[in-house]
4 protein chains.
Amino acid sequence: MNRQASPARPRGRPRDPRTRAAILKAARELLARGGLTAVTVDGIADRAGVSRPTVYRYWPNAPSVAMEAFLDSAVGALPPAGRGGALADLRARLHAVADAFAAPGGRSVAAMVAAAQSETELAKAFRNHFIARNRDAAREILARAVREGALGGEGDPELLLDLLFGPLFYRLLMGHAPIDRGFVDRLIAALRRVAPAAG
Amino acid sequence: MNRQASPARPRGRPRDPRTRAAILKAARELLARGGLTAVTVDGIADRAGVSRPTVYRYWPNAPSVAMEAFLDSAVGALPPAGRGGALADLRARLHAVADAFAAPGGRSVAAMVAAAQSETELAKAFRNHFIARNRDAAREILARAVREGALGGEGDPELLLDLLFGPLFYRLLMGHAPIDRGFVDRLIAALRRVAPAAG
Amino acid sequence: MNRQASPARPRGRPRDPRTRAAILKAARELLARGGLTAVTVDGIADRAGVSRPTVYRYWPNAPSVAMEAFLDSAVGALPPAGRGGALADLRARLHAVADAFAAPGGRSVAAMVAAAQSETELAKAFRNHFIARNRDAAREILARAVREGALGGEGDPELLLDLLFGPLFYRLLMGHAPIDRGFVDRLIAALRRVAPAAG
Amino acid sequence: MNRQASPARPRGRPRDPRTRAAILKAARELLARGGLTAVTVDGIADRAGVSRPTVYRYWPNAPSVAMEAFLDSAVGALPPAGRGGALADLRARLHAVADAFAAPGGRSVAAMVAAAQSETELAKAFRNHFIARNRDAAREILARAVREGALGGEGDPELLLDLLFGPLFYRLLMGHAPIDRGFVDRLIAALRRVAPAAG
DNA sequence: CGGTAAACGAGACGGTACGTCGTGTCTTTGA
DNA sequence: TCAAAGACACGACGTACCGTCTCGTTTACCG
C-alpha cells in the first residue's frame with residue numbers, strides 16, 4: 001500500500017558516517033586531556049581530519065560536540081547495576097557513581113554540569129541523557145526495595161533520589177569533602193531512616 | 001626598634017579606592033545581564049572607565065573579578081537567620097536560600113559553581129566564602145538544635161549538611177525540579193528522621 | 001556503418017533551456033544590485049532555483065556567468081547608431097556610449113573591465129563581444145566618413161579608435177572627471193584635427 | 001608662545017614602525033607573485049610575522065594593504081622625466097609609462113585599476129597617488145611646451161591629458177593591441193595636430 | 001620641595017578561537 | 001545523461017577576548 005515506508009528519505013549525498021564518528025572521537029580525546037576548554041572547533045577539526053564548516057554542519061558549537069562526546073563515553077554512560085537484593089543493587093550502583101566521580105573522569109562530569117549552565121540545549125541534553133538515566137535506574141531499584149519490604153513506601157521517591165544524588169553532585173562540584181564508598185554507605189543508611197521499612 | 005610595625009608599607013602612589021569599586025560595580029552589572037560569559041575584562045574596563053591593565057593589576061582574570069563581584073553582592077552574601085527555635089531558624093535560613101536560588105540571581109550562583117570548576121583559585125574562593133559561610137551558619141544552628149533536644153546528636157553533622165544543601169544545589173544546577181519552600185520543608189522533615197530527637 | 005551522421009546527437013536527458021535562462025536572469029539581477037561581487041554561484045543557484053553543480057555544468061565560475069549575463073543585457077549590447085552623415089552617426093553612437101557609462105549601468109561595465117583582468121577567458125569574451133563590437137561599429141563609421149570626405153584617410157584607424165574610446169574608458173575607470181556629451185563632442189573635435197579632411 | 005607645537009601627540013603605546021613596514025613588504029611580495037588575489041590578510045600576517053588583528057589595526061582589508069604596497073613600490077611611483085625640450089621630456093616620460101605597462105608590473109597596475117572599482121577608498125587612494133601624480137607631471141610638461149611654443153595653448157589641457165593617458169590605459173586594460181614606444185610616438189604626433197603650435 | 005615609585009589611561013601586539021561565506025568537487029537519488 | 005540536493009575540504013573573512021607590553025601622565029610619600 002504504502003509505497004514509501006521510510007518517513008523521511010534524505011535527498012542528496014548522504015553523510016559519511018565516519019565523519020561524525022571522527023569528530024566525536026576527536027572531541028572525546030580533547031575532553032580527556034585538557035578538559036572542556038580544550039574542546040575547540042578548531043582543535044576538533046584538525047584532529048578529526050575534517051574541515052571546520054563540517055563540524056558546524058553537525059553541531060552548533062564546540063560545547064555541544066563535547067556534550068555528545070561525553071554522553072557517548074564510558075563516563076557518560078554509567079554501567080547498570082547487577083542483580084541482588086534491591087538495597088545491595090542500590091549500593092553497587094551508587095558505588096559505581098562514586099568511583100566515577102572520584103576518578104579523573106569525574107572532572108568531565110563536573111565540566112558538563114558547568115557547561116549545561118549557559119545553554120538550554122546543552123542543559124536539556126545533559127538532563128535527559130545523563131541525569132535522567134541515573135535517576136531512572138535508581139528509581140526502579142527503590143521501587144523494588146519497597147516491593148521487597150526493605151524500604152517503606154510512603155515517602156516521595158523523587159525526594160529520596162535528590163537525597164541520594166544531591167549530596168554526591170554537591171561534593172563533586174564543591175570539592176569540600178571526598179566522595180568515597182563510605183560516604184555512599186552513610187547516604188544509604190540515612191535513606192533507610194528517612195523511609196524505614198514498615199513494621 | 002622597628003619604627004614601622006605594618007609589614008608592607010606601600011611606596012609610590014596609593015591605589016585609588018574608587019577604581020576597585022568601579023570595577024566591581026561594572027562586573028556586577030555585567031553579571032546581572034548576560035551572566036558570566038558577559039563578564040569580560042574588555043567589558044569591565046569599558047564600563048568602569050578604567051584601562052584593561054588596571055583590571056589585571058587587581059585580579060588575574062575576568063572570572064575572578066566576577067567571583068568577587070558575586071560574593072560582594074546580595075546574592076553572594078545570604079542574610080543571617082533570625083532568632084527563634086533552632087529548627088525554625090534552620091527553616092527560615094533554608095527558605096532564604098531556596099528563594100535566592102529560585103530568583104533570577106540563582107543563575108549567578110549556578111554560574112559561579114560552573115566557573116569554579118575550571119580554576120582552583122576560584123573554587124577556593126567560592127568554597128571559602130559562599131559554601132563555607134552557609135554551612136557554618138547551618139552547622140551552628142544544627143548544634144543548637146541538638147542542645148535544644150530537637151535533633152539527635154549521634155549523626156555526622158557534615159552528612160546532615162550535605163543532605164540539606166546537596167539537594168538544593170542539585171536542583172539548582174540540574175533544573176529537573178523546582179526549588180520552593182515546600183521542598184525545603186520536606187528536606188527538613190527528612191532530616192528529622194535521619195537524626196531523631198533521642199527518646 | 002555510421003548509423004549516426006549528425007555530428008553530436010546528445011544522449012540522455014536533454015538540457016532544459018529554461019535552466020540556462022534562469023541562471024542568466026539571476027546573474028543579471030544580482031549584477032544590477034550589488035555589482036560583480038554580489039554575483040556568487042551560491043546566490044545565482046538560490047535565485048534561479050537551481051543547484052550549484054548545475055551552474056558549474058554551464059559555466060566554469062561565477063564571473064563567467066556574470067560576463068555572459070552582462071553581454072546579454074542592454075548595457076552589454078549597445079544600440080546601433082542611426083543613419084545620417086557619418087560624423088553625425090559617430091557622435092550619436094558615442095553619445096549613447098557616454099550615456100551608458102554615466103548611468104548606473106556604467107559601473108557594470110567598469111566591473112567587467114576589472115573582472116577581465118584576472119582571467120584570460122573572461123578577458124577574451126569581453127574583448128570579443130563588447131570591445132570589438134563597439135570598435136567595429138565605429139571603425140565602419142570612420143571609413144564612411146573618409147569616403148564622404150569628412151575625415152582624412154591617411155591616419156591609422158586603430159589609433160583613431162583608441163583616441164575615441166581610450167579617454168571614455170579612462171574616465172569611466174578613474175572617475176577623475178565626468179563623462180558627458182560635451183566631453184564626447186570635444187573628443188570628436190580633436191579627432192577632426194588629428195585626421196583633417198584633405199583640402 | 002605655543003607650548004605644544006606637535007598638533008596631535010599620540011597617547012598610549014606608540015606603534016612599532018617595523019610592524020607597518022613588515023606588512024607592506026609582505027604585501028608587496030605577494031603582489032609580485034600571484035597578483036592581487038594572492039594578497040590575503042592571512043598570507044600577509046603569516047609572511048610578516050604579525051598577527052591578523054594587527055593587520056586590521058592598520059588597514060581595513062586586504063586590497064587596501066595591496067594598494068598602499070603598490071603605491072610604495074617602484075611600479076606605483078613612476079620615475080620623473082629628465083630635462084630637455086618639453087616635447088622630448090613628454091616623450092621620455094610616456095615611454096617610461098609604456099615600458100612599465102608593458103612589463104610584468106603592468107599587470108599590477110591593471111589589477112589596481114580593477115580593485116579600485118569596488119571600493120571608494122581604494123579608488124580615491126589610487127586616483128590621488130597614482131593617476132594624479134602622472135597627470136600632474138604631464139600637465140606641467142604640457143604647460144612648458146606651450147611656453148616654449150612647441151604646442152598651441154588654446155585647447156583644454158585636461159582633454160589633452162585624457163588623449164594621452166586614456167589610450168595607454170585602454171590598451172593596458174583591454175589588451176587588444178600592444179603598448180610600445182611607437183604607439184607613444186604616434187600618440188604624441190596626434191597631440192601635436194590637436195594643439196598645433198600657433199603659426 | 002624635589003625625587004622616586006607606583007597607579008593609571010591609552011593603545012600596540014601576538015595569539016587563539018570564533019562563526020560565516022564562498023569555492024569547486026564529489027556522491028547519491030531520481031527523472 | 002541531466003538535474004537536484006547536499007556533503008565535504010579548503011581557504012579566507014572580519015571580530016572578540018585574551019594577557020602582556022610599552023608609553024606618557026599623574027599623584028602620593030619621603031628624604
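Below, read A as the first sequence line, B as the second, and so on, with proteins coming before strands; counting in each chain starts at 1. The model shown is predicted, which means the values in this text are computed figures rather than measured ones.
Mapping D/T40 and B/V41 onto DNA chain F via the closest heavy atom, the residue that lands nearer the 5' end is D/T40. Residue order along DNA chain E, read from the 5' end via each residue's closest nucleotide, puts B/R57 first among D/R20 and B/R57. Mapped onto DNA chain E by nearest heavy atom, C/Y56 and B/P17 fall at different nucleotides, with B/P17 at the one closer to the 5' end.
D/P60 comes within 4.0 angstrom of nothing in the nucleic acid, heavy atoms only. The residue C/G43 sits apart from the nucleic acid: no heavy atom pair falls under 4.0 Å. Residue contacts shown for C/A62 are limited to sugar-phosphate atoms, with no base heavy atom under 4.0 Å away.
One donor-acceptor pair, N or O on each side, does fall under 3.5 Å between the base of F/dA7 and the side chain of A/R13. A/R52 contributes a side-chain N or O that forms a donor-acceptor pair with the base of E/dG19 under 3.5 Å.
Nearest heavy atom pair, residue C/L71 against residue C/A125, reads CD1-O, 4.0 Å. Of all the heavy atoms in A/A66 and A/V39, the pair that sits closest is CB-CG1, 3.9 Å.
For B/V50, counting side-chain heavy atoms from C-beta on, the closest listed nucleotide (F/dC8, E/dG9, E/dG11) is E/dG9. Distance from the side chain of D/D16 is smallest for E/dC13 among the nucleotides E/dA7, E/dC13, F/dC8. Closest to the A/D42 side chain, of the nucleotides F/dG14, E/dA7, E/dA17, is E/dA17.
With rounding to whole Å, D/W59 atom CH2 is found 15 Å from F/dG14 atom P. When rounded to the nearest whole Å, the span between CD1 of A/I23 and C1' of F/dC8 equals 11 Å. Per the geometry, CD1 belonging to C/I44 stands 8 Å off P belonging to E/dT23, to the nearest Å. As rounded to whole Å, 11 Å separates atom P of F/dA16 from atom CG of B/D46. Going from atom CG of A/N61 over to atom C1' of E/dA17 covers 13 Å, rounded to whole Å.
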(request) Go through the steps to decide whether D/Q117 and C/V113 satisfy the test side chain to side chain contact (heavy atoms under 4.5 Å, CB included), and finish with yes or no. (result) CA-CA 9 Å; D/Q117 297 312 308; C/V113 177; over 6 Å; no
(message) As a quick check of understanding, evaluate side chain to side chain contact (heavy atoms under 4.5 Å, CB included) for B/W59 and B/R20, giving each step before the final call.
(response) CA-CA 10 Å; B/W59 289 274; B/R20 184 190 159 82; 3.7 Å; yes
(message) Under the criterion side chain to side chain contact (heavy atoms under 4.5 Å, CB included), I'd like the reasoning laid out for C/F130 against C/V109: C-alpha separation, chi angles, the key distance, then a yes or no.
(response) CA-CA 9 Å; C/F130 187 73; C/V109 181; 3.9 Å; yes
(request) Could you please spell out the steps behind the side chain to side chain contact (heavy atoms under 4.5 Å, CB included) verdict for C/T19 and C/R57? (result) CA-CA 11 Å; C/T19 300; C/R57 219 168 285 121; over 6 Å; no
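Contact annotation: D/R11 does not reach the phosphate of F/dG24 (side-chain N/O to OP1 or OP2, under 4.0 Å). Taking side-chain N and O atoms only, C/T54 has no distance below 4.0 Å to OP1 or OP2 of F/dA3. At E/dC13, one or more side-chain N or O atoms of D/Y58 fall inside 4.0 Å of OP1 or OP2 (strictly under the cut-off). Dashed line: the shortest gap from a side-chain N or O of D/S51 to OP1 or OP2 of E/dG15 is not under 4.0 Å. At least one side-chain nitrogen or oxygen of A/T19 sits closer than 4.0 Å to the OP1 or OP2 atom of F/dC8.
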